[in-house]
Amino acid sequence: MPLSNIWVVAEPSNGSFTTTSLELLCQARTYGATVSAVTWGEDVASLAAQAGEYGGAATLYNVGALGGALPGVPVASAIAALVASVGAPDAILIPTSYDGRDIAGRLSARLDRPVLTNVSGLSDQSGLVTEHPVFGGSQTVRAHFTGEGPGIIVVRAKSFAAEPAGGSPAAVVAAAPGDLGSTGGATIATSHVEERVGPKLEEAAVVVSGGRGLGEADKYALIEETAKLLKGAAGASRAIVDAGWVPYSHQVGQTGKTVKPTVYIACGISGATQHMVGMKGSKNIVAINKDPDAPIFQIADLGIVGDVHKVLPALIEALKARG
Amino acid sequence: MNIVVCVKQIPDPAAPQSFDAQHNLTRTGKLILDEADTFGVEMALQLVDKAGDGEVTVVSMGSADDVGGIRNALAMGAAKAVIVSDVSLRGTDALGTAKVLAAVIKRISPDLVLAATESSDGYTGTTPVQIAELLGLPSITFAKSVAIDGTTVKVERQTDSGYDEVTVALPALVTVTAGVVEPRYASFKGIMAAKSKPLEVLSVADLSLGAETGQAGAREEITEIVAAEARTSGEKYVDEGDGAEKIVAFLESIKVL
């Protein structure tokens, strides 16, 4: 059965959709189905233009201003109400993000429909077939929904390209969340932004990441300096984020950011499954680790078996000497 | 302050992983308490301690042949445990798991439910929020700090650019990251005490659940498992003072420098 309707949950961020949302809009468009987007916020005029330009979407459902509420409950509630009023689409695509995962979980339970997460690829084989990297990305699981739709699919960042393909702005249609009952109420009191300098981790051509092999929090300065000299961004493994050495916004991996830079330099990172999934798509990988058997070397184009405390200062000197 | 912590016993993540013929994760080896769950257990113990009354109950689903991981949570200080174990649950998906755990939690009716953001074997990451929806509870996910002020829970929730301070009235569900607290090691006294703490094993019938769980209740299936496009390793050198030079040469070869 050909796909006839796909909805994309498109997350707003400062007047634009997030990059992963744009990737999903573009991918949804390739199936020849009618694409609709769902978003939230007060002023969605620029989002309506993006929904048309990237997804060829005719309709942008707007849940409206959330008044500081976390999006999970109201957005899922509004989508469930839409399913009841206009009928279920074949699939609902949701970006892998904090709020995206909340929306997916809420919607799944509310509609009593299954959810497939960590999706890194999609194909139409008389219905959508999902791809999931497992075991550190060494194997790929392919899966599909067997029951009545809509299937809820949560897709990882950078699984698809985001290129505008032209299209007039989508028509904005209000989609009210309705009565949230006892599930509503989680409200953001204040937001804290942890400033970082240089290019964004997800967009940098060079990413230099540090792990537990650095030994102590102060040594992360070596990572930051190397990244700066290469005009790149500084990343981190989950281990040192959990240890409180660097803010969460630096984390690369399953529960952090997915990066695909021109070169990824892993320093003192052994290469746990959790980490590899987030950086395996890098064009080139350089690894520095004391342990010659560290799994990171299996995917490194250049592996240096050595002490990061010696190699990094020497690299910093060499880069400085080049000016 | 009564708190339920959802926990999972998983195969040792350091051991090689594989799928069985039914495309289920092989769980023949020893099972351990998912490290991701130790943070929720610790957080719950600290919150109950601070409140001055109440207790921590751990709730789980899976094989009860080996309950070492559950005993570990009891040894840390949880008062009791409930595990739903039934051969018919093999192949249960995330939503089915949420239905089972929600049915158990409903009986306990706690003030707060804690869970990890995701397990370290399946990484689905939706079960806690599905539980909240099934129980009609509000939820705050990705907590890097949790505090209780009267009948309100205050959470620092991770965001892409930092964190938000989010509040909600109890009862509620919160998922915690590994950064939330430093889990304690079970003491010898705790390990001894855990042996006599209540550990209730329930079946699917005990919870009046049926067709929605197990492989039959899962409305998605794995069609195939294939080797991913392999990344081959390149050159590997032991640093003899020339490691940095080699990196510079490599960066030049790919035109980053």
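Keep in mind it's a predicted model, so treat the numbers as computed, not measured. Here is the naming used below: chain letters follow the sequence lines, and residue numbers restart at 1 for every chain.
Interface remark: of the candidates K144(B), E221(B), Q130(B), E221(B) forms the most heavy-atom pairs closer than 4.5 Å to chain A. Taking chain A as the reference chain and counting heavy-atom pairs below 4.5 Å, the highest number among G241(B), P171(B), P138(B), A172(B) is found for P138(B). Between chain B and the residues I299(A), T140(A), T117(A), L312(A), the most heavy-atom pairs under 4.5 angstrom are made by T140(A). Between chain A and the options G243(B), S161(B), G125(B), heavy-atom pairs under 4.5 Å are most frequent for S161(B). For the set T130(A), V263(A), V286(A), the count of heavy-atom pairs under 4.5 angstrom toward chain B peaks at V263(A). Comparing L135(B), T126(B), T167(B) by heavy-atom pairs within less than 4.5 Å of chain A, the highest count is held by T167(B). In terms of heavy-atom pairs under 4.5 angstrom with chain A, the leader among A132(B), A218(B), A94(B), P128(B) is A132(B). Options T177(B), V248(B), I131(B), I247(B) differ in how many heavy-atom pairs under 4.5 Å they form with chain A, and the most are formed by I247(B). For chain B, the option among D99(A), T96(A), I316(A), T18(A) with the highest count of heavy-atom pairs below 4.5 Å is D99(A). For the set V129(A), L107(A), V193(A), the count of heavy-atom pairs under 4.5 angstrom toward chain B peaks at V193(A). No other option in G244(A), G72(A), G185(A) has as many heavy-atom pairs under 4.5 Å with chain B as G185(A). Annotation: maximal heavy-atom pairing with chain B below 4.5 Å, among K231(A), R238(A), Q298(A), occurs at Q298(A).
Not counting sequence neighbours, S13(A) has no partner by the side-chain hydrogen bond (donor to acceptor under 3.5 Å, both in side chains) test. Not counting sequence neighbours, the partners of K246(B) by the side-chain contact (heavy atoms from CB on, under 4.5 Å) test are I304(A), Y237(B), D242(B).
With hydrogens and angles left out, the side-chain atoms of D34(B) and S120(B) include a donor and acceptor closer than 3.5 Å. In summary, the side chains of S139(B) and R106(A) do present a donor paired with an acceptor at a separation below 3.5 Å, with no hydrogens or angles considered.
Both the backbone and the side chain of I222(B) come within contact range of chain A, with heavy atoms under 4.5 Å apart. Residue A169(B): no heavy atom, backbone or side chain, is found under 4.5 Å from chain A. Of the two parts of V241(A), neither the backbone nor the side chain holds a non-hydrogen atom closer than 4.5 Å to a non-hydrogen atom of chain B. Only the side chain of L230(A) comes within contact range of chain B, with heavy atoms under 4.5 Å apart. Using a 4.5 Å cut-off between heavy atoms, T232(B) touches chain A through its backbone atoms (N, CA, C, O) alone. Of the two parts of S18(B), only the backbone, made up of N, CA, C and O, holds a non-hydrogen atom closer than 4.5 Å to a non-hydrogen atom of chain A. With a threshold of 4.5 angstrom between heavy atoms, L302(A) approaches chain B through its backbone and through its side chain. Residue contact with chain A, scored on non-hydrogen atoms closer than 4.5 Å, involves the side chain of D93(B) exclusively. Of the two parts of A300(A), only the backbone, made up of N, CA, C and O, holds a non-hydrogen atom closer than 4.5 Å to a non-hydrogen atom of chain B. Contacts of L70(A) with chain B are made by side-chain atoms alone, with heavy-atom separations under 4.5 Å and no backbone atom involved. In this structure, chain B has heavy atoms under 4.5 Å from both the backbone and the side chain of K280(A). Contact of V141(A) with chain B is made through backbone and side chain together, with heavy-atom distances under 4.5 Å.
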Item to complete: In sequence, state the C-alpha distance, the side-chain angles, and the governing distance for K200(A) and D160(B), and then conclude on salt bridge (Lys or Arg N to Asp or Glu O under 4.0 Å).
Response: CA-CA 11 Å; K200(A) 284 177 78 174; D160(B) 270 327; over 6 Å; no

Item to complete: Show the numbers, then the answer: is there a salt bridge (Lys or Arg N to Asp or Glu O under 4.0 Å) between D149(B) and K154(B)?
Response: CA-CA 7 Å; D149(B) 183 1; K154(B) 293 183 170 179; 3.6 Å; yes

Item to complete: Would you sort out whether D112(A) and R219(B) count as a salt bridge (Lys or Arg N to Asp or Glu O under 4.0 Å), showing the intermediate values?
Response: CA-CA 10 Å; D112(A) 194 23; R219(B) 289 159 296 174; 3.4 Å; yes

Worksheet entry | salt bridge (Lys or Arg N to Asp or Glu O under 4.0 Å) assessment of D301(A) paired with K283(A) | CA-CA 9 Å; D301(A) 301 287; K283(A) 281 195 196 75; over 6 Å; no

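For NZ of K260(A), the number of neighbouring non-hydrogen atoms (other residues, nucleotides, ligands) closer than 6.0 Å is greater than 12. Open room surrounds CD on E182(B); 12 or fewer heavy atoms of other groups in view lie less than 6.0 Å from it. Within a 6.0 Å sphere centred on CD of E203(A), other residues, nucleotides and ligands contribute more than 12 heavy atoms.
Looking at S182(A), its side chain does come within 3.5 Å of a backbone N or O of G136(B) through a donor-acceptor pair.
Look at D102(A) and R157(B) and you find a salt bridge, because one of the NZ, NE, NH1 or NH2 atoms lies within 4.0 Å of a carboxylate O, short of that distance.
Taken from CD1 in I225(B) to CZ in F19(B), the straight-line distance is 4.5 Å, to the nearest 0.5 Å.
Residues L137(B) and T183(A) form no side-chain contact, since every pair of their non-hydrogen atoms from C-beta on lies 4.5 Å or further apart. The shortest distance between side-chain heavy atoms of V146(B) and V180(B) falls below 4.5 Å.
When the heavy atoms of residues 97-104 of chain B are compared with those of chain A, the residues falling under 4.5 Å are K99(B), listed by number.
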Taking only distance into account, with no hydrogens and no angle test, what donor-acceptor pairs under 3.5 Å do side-chain atoms of residues 249-257 of chain B form with protein atoms, sequence neighbours excluded?
| from | atom 1 | to | atom 2 | distance (Å) |
| --- | --- | --- | --- | --- |
| E252(B) | OE2 | R322(A) | NH1 | 2.5 |
| E252(B) | OE2 | R322(A) | NH2 | 3.2 |
| S253(B) | OG | F250(B) | O | 2.6 |

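Using the six-membered ring where Trp is involved, F142(B) and Y98(A) have ring planes that are perpendicular, over 60° apart on the 30 and 60° scheme.
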